[in-house]
J.: 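Quick one: this structure, given as structure tokens, is what I'll be asking you about.
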Amino acid sequence: MKWFKQLVLGASIIFIWMAGFTPSVTAGPDSYRNYGQIRAGVFDFCGDLDDDDYDRNGIIAVSYGRNLTPYLVAEATVEMFSAEKDADGLTERGHYDREDQIDVFTVLGTLKAQWPVGPVTIFAGGGAGYYSVTLDSEIDPEYRDDRAEQEWDGVFGLHAVTGVNVDIWKRFFAGFEGMYRWTDDVDINESIAGIPVRLEGDLTGYALTLTAGFRF
């Protein structure tokens, strides 16, 4: 969808502009501008792939963040999640079983507003990202040897986040984050020996993760 890609491009330009021109926090003896963070949890589809019966699965992410002001953070993230489903069908030659697995590698840019309340920091924000999607299909036809097929597509998306961080020590923190994302449609449509290898639809869904981070 052309309008969707233009929207993502515009959001990315705004993000880069704000990251480049927003004044940085003045660092003191107990002030750290940067942080690294890991997140792990579950991801579930809410759109087309939920309707297509893909299973809920795990998600893991690594982020680098920088405090632009005491109340604004820019964050870059790489993220991975996957999902599976089983299918079967008939062709002119007979019955087949197919096991599909999708692996998604994502690069995200996010701006977060944050509000410190004692040792607790509440945050909310949004951003844009690019999703690299690989479909692996294991095909078991009753009329020939097993086949394996791998296909790829890439789409853009937008996301919104909210959550809390709790200071464990001045450098260490842990917390919880929820993310909801909207993406363009993946479009993989191939055929192997008359058997469809197909992934069509958006990756829209939510992730719930536990987080741990280190300031520096």
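Residues: numbered from 1 along the sequence shown.
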J.: I'd like to know if the side chain of R215 reaches the main chain of K170, judged simply by a donor and an acceptor atom lying under 3.5 Å from each other, with no hydrogens or angles considered.
T.: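 Yes.
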J.: Distance from W115 atom CH2 to F123 atom CZ, nearest 0.5 Å?
T.: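 W115 CH2 to F123 CZ: 10.0 Å, rounded to 0.5 Å.
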J.: With rounding to the nearest 0.5 angstrom, report the OH to CZ distance, Y96 to R147.
T.: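 If we round to the nearest 0.5 Å, Y96:OH and R147:CZ are 14.0 Å apart.
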J.: Please step through side chain to side chain donor-acceptor pair (under 3.5 Å) for the pair R66 and N34, ending with a clear verdict.
T.: CA-CA 4 Å; R66 182 173 178 84; N34 309 296; 2.9 Å; yes
J.: Hey, does the side chain of T211 reach the backbone of R39 with a donor-acceptor pair shorter than 3.5 angstrom?
T.: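 Here the side-chain-to-backbone pair does not exist.
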J.: Check for a donor-acceptor pair, side chain of D48 on one end and backbone N or O of D202 on the other, with a separation under 3.5 Å.
T.: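 At least one qualifying donor-acceptor pair exists.
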J.: So, using ring pair (Phe, Tyr, Trp, His ring centres under 6.0 Å) as the criterion, who are the partners of Y54 when residues are at least two apart?
T.: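 Per chain and number, Y54 pairs via ring pair (Phe, Tyr, Trp, His ring centres under 6.0 Å) with no residue.
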J.: Please report the interatomic distance CZ(F173) to CD(Q37), rounded to the nearest 0.5 Å.
T.: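 Reported value, rounded in 0.5 Å steps: 4.5 Å.
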J.: Verify the neighbour count for atom CD1 of I168: are there more than 12 heavy atoms of other residues, nucleotides or ligands below 6.0 Å?
T.: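 More than 12 within 6.0 Å, yes.
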J.: Before giving the answer on side chain to side chain contact (heavy atoms under 4.5 Å, CB included), spell out for F81 and T106 the whole-Å C-alpha distance, their side-chain angles and the decisive distance to 0.1 Å.
T.: CA-CA 9 Å; F81 60 92; T106 306; 4.0 Å; yes
J.: Does any pair with a residue in residues 104-123 pass salt bridge (Lys or Arg N to Asp or Glu O under 4.0 Å), and if so which ones, sequence neighbours excluded?
T.: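 Of all non-adjacent pairs touching residues 104-123, those that pass salt bridge (Lys or Arg N to Asp or Glu O under 4.0 Å) are E75-K112, K112-E177.
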J.: Could you please spell out the steps behind the side chain to side chain contact (heavy atoms under 4.5 Å, CB included) verdict for C46 and Y180?
T.: CA-CA 10 Å; C46 297; Y180 194 89; 3.7 Å; yes
J.: Would Q114 and I122 satisfy side chain to side chain contact (heavy atoms under 4.5 Å, CB included), going step by step from the backbone distance to the final call?
T.: CA-CA 6 Å; Q114 60 180 8; I122 303 167; over 6 Å; no
J.: Output, in order, the C-alpha distance, side-chain angles, deciding distance and verdict of ring-ring contact (aromatic ring centres under 6.0 Å, His included) for F216 and Y32.
T.: CA-CA 5 Å; F216 58 95; Y32 303 98; 8.7 Å; no
J.: Look at the side chain of S137 and the backbone N and O of I139, then say whether any donor-acceptor pair between them is shorter than 3.5 Å.
T.: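 No, S137 side chain to I139 backbone: no donor-acceptor pair under 3.5 Å.
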J.: Just to verify, what does D100 make a salt bridge (charged side-chain N to carboxylate O under 4.0 Å, His left out) with, not counting sequence neighbours?
T.: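 By the salt bridge (charged side-chain N to carboxylate O under 4.0 Å, His left out) rule, D100 matches R98.
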J.: Between K85 and E99 (salt bridge meaning N to carboxylate O under 4.0 Å), is one present in this structure?
T.: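 Looking at E99 together with K85, the answer is no, because their closest N to O distance does not fall below 4.0 Å.
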J.: Residues in ring pair (Phe, Tyr, Trp, His ring centres under 6.0 Å) with F214, at least two apart?
T.: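 Partners of F214 by the ring pair (Phe, Tyr, Trp, His ring centres under 6.0 Å) criterion, ordered by chain and then number, come out as F172.
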J.: Hey, what do you get for NE2 (H159) to OG1 (T204), rounding to the nearest 0.5 Å?
T.: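 The NE2 atom of H159 sits 13.5 Å away from the OG1 atom of T204.
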J.: Once ring pair (Phe, Tyr, Trp, His ring centres under 6.0 Å) is applied, do any residues pair with Y131, and if so which ones, sequence neighbours excluded?
T.: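 By the ring pair (Phe, Tyr, Trp, His ring centres under 6.0 Å) rule, Y131 matches no residue at all.
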J.: Kindly say whether W169 contributes a backbone atom to a donor-acceptor pair with the side chain of D167 at under 3.5 angstrom?
T.: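 No, the answer is negative, given that no donor and acceptor are paired below the 3.5 Å cut-off.
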J.: Just by distance, do the side chain of N67 and the backbone of R33 share a donor-acceptor pair under 3.5 Å?
T.: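 Answer holds: yes.
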J.: In residues 148-157, what donor-acceptor pairs under 3.5 Å come from side-chain atoms, sequence neighbours left out?
T.:
from	atom 1	to	atom 2	distance (Å)
Q150	NE2	D136	OD1	2.7
W152	NE1	S132	OG	2.7
D153	OD2	D187	N	2.8

